[in-house]
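Heavy atoms only: backbone and side chains are in, while hydrogens, waters and symmetry mates are out.
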Amino acid sequence: MICYDISASRIRGRVAARLEARGVRVQRSVYELWLTTAQARRLGKELSGMLAPGDSLRIYPLSNRSLDRVQTKGPGLAPRALGDVLLF
């Protein structure tokens, strides 16, 4: 799971586009992505390079075990485990 707090609309739009290309937007600034650890590191490095001072980006890795405890209320799909691929 990746979330952000970005002030500038232009930067926020660029980051959102990168994340939407890789995963599912579940709230305005929260995304679920199915990535390997290496892919998550590369994406995190890429996105960090786009941020301005004061912006925040957080990447929360979720294990298959923690996915079993995720609670989803309202529209949208619950996250799921995909074998050897990790949800970040």
Side-chain angles (χ1 to χ4, degrees):
M1 182 172 69
I2 298 179
C3 56
Y4 58 75
D5 183 10
I6 299 173
S7 298
S9 295
R10 183 172 154 251
I11 296 171
R12 191 172 49 249
R14 289 176 52 207
V15 169
R18 293 277 199 290
L19 293 172
E20 287 174 345
R22 301 295 307 262
V24 176
R25 183 180 236 169
V26 294
Q27 291 185 2
R28 278 186 196 251
S29 61
V30 180
Y31 298 79
E32 292 174 349
L33 297 93
W34 291 264
L35 305 169
T36 64
T37 300
Q39 290 170 329
R41 285 189 182 127
R42 280 193 302 272
L43 182 60
K45 189 173 183 177
E46 175 189 352
L47 296 176
S48 293
M50 299 167 69
L51 302 179
D55 289 343
S56 173
L57 176 78
R58 301 200 181 261
I59 300 174
Y60 295 98
L62 301 173
S63 67
N64 286 342
R65 184 174 171 201
S66 65
L67 287 175
D68 292 337
R69 296 185 306 235
V70 170
Q71 297 181 28
T72 304
K73 309 293 184 219
L77 300 175
R80 65 193 186 285
L82 297 174
D84 293 335
V85 179
L86 303 177
L87 170 67
F88 282 89

Residue pairs passing the side-chain hydrogen bond (donor to acceptor under 3.5 Å, both in side chains) test where at least one lies in residues 15-24, sequence neighbours excluded: Arg18-Glu46, Glu20-Arg25
Atom pair CE/CD1 of Met50 and Ile6 - distance to nearest 0.5 Å: 7.5 Å
Heavy-atom pair with the smallest gap, counting every atom of Leu57 and Ser48: CD2-OG, 4.1 Å
Close side-chain approach of Tyr4 to Leu19, heavy-atom, < 4.5 Å: yes
Residue pair Cys3 / Val30: nearest heavy atoms and the distance that separates them: CB-CG2, 3.9 Å
Derivation and outcome, side chain to side chain contact (heavy atoms under 4.5 Å, CB included), residues Leu47 and Ile59: CA-CA 11 Å; Leu47 296 176; Ile59 300 174; 6.0 Å; no
Residues that Ala52 engages under side-chain contact (heavy atoms from CB on, under 4.5 Å), provided they are two or more places apart: Ile11, Asp55
Shortest non-hydrogen separation from Leu35 to Ala40 and the atoms involved: CD1-CA, 3.9 Å
